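Here's the structure, in structure tokens; my notes come after.
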Amino acid sequence: MPVKGTLARRTTRLLAPALAAAFLGLAAGPASAATVPDRINLSSPSCPSVVQQGEDDGCVTELQTLLNQHGTSLTVDGAFGSGTLAAVKSFQSANGLTADGLVGSATRGALYYVNPATPINLGSPRCAVDIQQGENDGCVEEVQNLLNSHGAGLTVDHSFGPATANAVSTYQTSVGLPATGVADPTTKAKLYGQPAPQTPPDLGSARYAAIVSEARAALTQNIPYVWGGGHDSDTGPSIGTCGGYTGTILPCPADHTVGLDCSGFTRWLYWQAGAGDIGQATGDQISNPRFTTVSLANAIPGDLVFFGSGGPGDPDHVGVYTGTVDGVPMMIDQPFTGAYTRYQPVSDGANLIGYYHLS
């Protein structure tokens with residue numbers, strides 16, 4: 001089940017240039033990530049109904065990022081200036097919208113639209129780790145194309161229905177895999193003619209540096225927070241659930257979005273670093289007997305940091321501690337619906353429980 005809550009507040013603070021540049025390996029400067037407000041989903045109540053010239057915040061950071069994903073080459077700085085205005089108008093014209101430079105509901109919808117008929121490589125974090133019945137996107141399109149290359153004869157419609165599930169099962173049987181009807185990591189590898197993925201080796205004391213390295217890589221992968229994301233039997237991004245959803249973006253986007261929630265994120269990082277499956281939900285992880293509490297003074301980068309007003313028996317958020325910068329404890333986490341993987345001070349989390357080390 002997904003975690004019970006999200007971070008209590010959204011940070012609108014800008015990271016100090018030296019702090020962010022030192023961690024991300026970026027050169028400090030006016031166009032660097034050091035001075036860019038964190039991205040905010042344009043559907044969030046934190047964004048105005050119409051984003052327009054003169055605005056300077058994370059909503060504009062999101063707008064510029066989305067425009068660049070559609071082919072523009074804007075400097076992402078969170079400031080809606082003349083260059084962003086021209087890019088918005090060009091995008092609107094190209095998509096049959098009124099080219100007024102005002103980012104309202106129609107323009108937002110077009111910016112977020114991803115053509116499901118465009119295949120996506122199954123190794124991308126945009127694809128669920130286990131692709132299964134009910135999914136409708138470019139990852140399914142890729143599965144169907146691959147199955148057809150192996151003789152399935154499917155109608156390629158990017159919708160994972162019973163026919164696709166049966167084709168997956170038939171293919172799995174033909175290559176000696178359990179006929180689950182789910183395109184899991186082993187099935188994906190077979191479809192591409194690649195070796196079956198192996199369980200990551202235990203790196204011992206080196207696992208903590210690997211966890212931080214994987215977390216740092218996630219900052220550039222545009223992985224959205226998704227309620228219940230990362231809770232499939234295999235670790236990694238997945239479609240979430242709207243059961244128990246408490247996010248501010250309505251209607252709930254989790255049941256048709258691929259991503260990770262906070263505990264799904266930490267579970268995935270620890271798995272990739274060879275630590276095994278540490279548990280799906282925050283409660284599973286904090287109660288895992290392999291974890292022991294440590295003080296901040298004894299915490300090392302790669303340890304988990306938990307939050308929750310209910311204390312250790314009822315945590316509602318978790319992140320990965322990455323060390324201190326200028327005396328400020330920092331973490332990487334999946335903060336809340338509408339946000340992406342974020343690097344921020346531990347103090348931005350509400351109700352700190354403490355730091356936990358995997359023995």
Side-chain angles (χ1 to χ4, degrees), residues 10 12 14 26 29-121 124-127 136-142 157-159 218-226 237 247-254 256-259 336-342:
R10 173 177 60 85
T12 56
L14 304 184
L26 299 170
S32 76
T35 58
V36 179
D38 291 320
R39 290 168 63 181
I40 304 172
N41 189 291
L42 297 178
S43 299
S44 167
S46 298
C47 291
S49 58
V50 177
V51 178
Q52 55 192 300
Q53 189 170 13
E55 188 167 342
D56 187 343
D57 56 21
C59 306
V60 181
T61 303
E62 176 80 340
L63 169 63
Q64 293 168 329
T65 302
L66 292 169
L67 287 167
N68 284 349
Q69 290 173 359
H70 285 278
T72 61
S73 300
L74 292 168
T75 296
V76 178
D77 58 8
F80 197 134
S82 58
T84 301
L85 178 64
V88 170
K89 289 182 177 180
S90 177
F91 174 81
Q92 290 171 324
S93 294
N95 286 272
L97 302 169
T98 301
D100 55 9
L102 302 176
V103 183
S105 59
T107 302
R108 287 198 305 270
L111 283 165
Y112 281 111
Y113 177 74
V114 177
N115 188 347
T118 301
I120 302 173
N121 185 284
S124 166
R126 293 167 57 194
C127 291
N136 187 327
D137 55 25
C139 306
V140 178
E141 183 94 357
E142 178 80 344
D157 59 3
H158 51 77
S159 179
L219 290 168
T220 65
Q221 293 175 325
N222 296 322
I223 302 173
Y225 178 101
V226 171
T248 58
I249 295 178
L250 298 173
C252 165
H256 57 273
T257 305
V258 173
F336 45 79
T337 300
Y340 302 84
T341 311
R342 185 168 293 179

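Basis for what follows: all heavy atoms, side chains included, without hydrogens, waters or symmetry-related copies. Just so it is clear, the model here is predicted, and its values are computed rather than measured.
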Q: Sequence neighbours left out, what pairs pass salt bridge (charged side-chain N to carboxylate O under 4.0 Å, His left out) with at least one residue falling in residues 81-99?
A: none
Q) Out of curiosity, S159 OG to D137 CG, how far, rounded to the nearest 0.5 Å? A) 9.5 Å
Q: Could you pull out the closest heavy-atom pair between F336 and Y225, with the gap in Å?
A: O-CB, 3.1 Å
Q.
Quick one, L111 and L63 - any side-chain contact, counting heavy atoms below 4.5 Å?
A. yes
Q. Listed by chain and number, what are the side chain to side chain contact (heavy atoms under 4.5 Å, CB included) partners of A94, not counting sequence neighbours?
A. none
Q: Not counting sequence neighbours, list each pair that qualifies as a disulfide (SG to SG under 2.5 Å) and has a residue in residues 45-82.
A: C47-C59
**Q.** Pair listing, salt bridge (charged side-chain N to carboxylate O under 4.0 Å, His left out) test, anchored in residues 51-72, at least two apart
**A.** R39-E62
Q.
Suppose the criterion is ring-ring contact (aromatic ring centres under 6.0 Å, His included): which pairs have a residue in residues 70-121, not counting sequence neighbours?
A. H70-F91
Q.
Between N121 and E142, does the side chain to side chain donor-acceptor pair (under 3.5 Å) criterion hold? Intermediate values first, please.
A. CA-CA 7 Å; N121 185 284; E142 178 80 344; 4.9 Å; no
(Q) Using a 3.5 Å distance criterion without hydrogens, assess whether the side chain of T72 forms a donor-acceptor pair with backbone atoms of A87. (A) no
Q) What do the steps show when you test T248 against T337 for side-chain contact (heavy atoms from CB on, under 4.5 Å), and what is the final call? A) CA-CA 7 Å; T248 58; T337 300; over 6 Å; no
Q: Verify, without hydrogens or angle tests, whether N41 (side chain) and A339 (backbone) share a donor-acceptor contact under 3.5 angstrom.
A: no
Q) Is it true that a side-chain atom of S44 and a backbone atom of S46 form a donor plus acceptor pair closer than 3.5 Å? A) yes
**Q.** Backbone of P37 reached by a side-chain donor or acceptor of T61 within 3.5 Å
**A.** yes
Q) Measuring from S43:OG to L250:CG, what's the distance to the nearest 0.5 Å? A) 10.5 Å
Q: Identify the residue among L66, V60, V88, L67 that makes a side-chain contact (heavy atoms from CB on, under 4.5 Å) with V103.
A: V88
Q: Would you please say whether a donor-acceptor pair under 3.5 Å links the side chains of Q53 and T84?
A: no
Q) Does CZ belonging to R126 count more than 12 external heavy atoms closer than 6.0 Å? A) no
Q: Under the side-chain contact (heavy atoms from CB on, under 4.5 Å) rule, what do Q92 and T107 come out as? Steps first, then yes or no, please.
A: CA-CA 7 Å; Q92 290 171 324; T107 302; 3.0 Å; yes
Q | Side-chain donor/acceptor of E141 to backbone N/O of I120, under 3.5 Å | A | no
Q) Any donor-acceptor pair under 3.5 Å linking the side chain of N95 with the backbone of L97? A) no
Q) Which distance, rounded to the nearest 0.5 Å, do you find between the OG1 of T341 and the CD1 of I223? A) 4.5 Å
Q: For P224, enumerate each residue passing the side chain to side chain contact (heavy atoms under 4.5 Å, CB included) test, keeping only those at least two apart in sequence or located in another chain.
A: V226, T257, Y340
Q) Any idea which heavy atoms bring V258 and P237 closest together, and the distance? A) CG1-CB, 3.9 Å
**Q.** Check: Q221 side chain, P125 main-chain N or O, donor-acceptor pair, under 3.5 Å
**A.** no
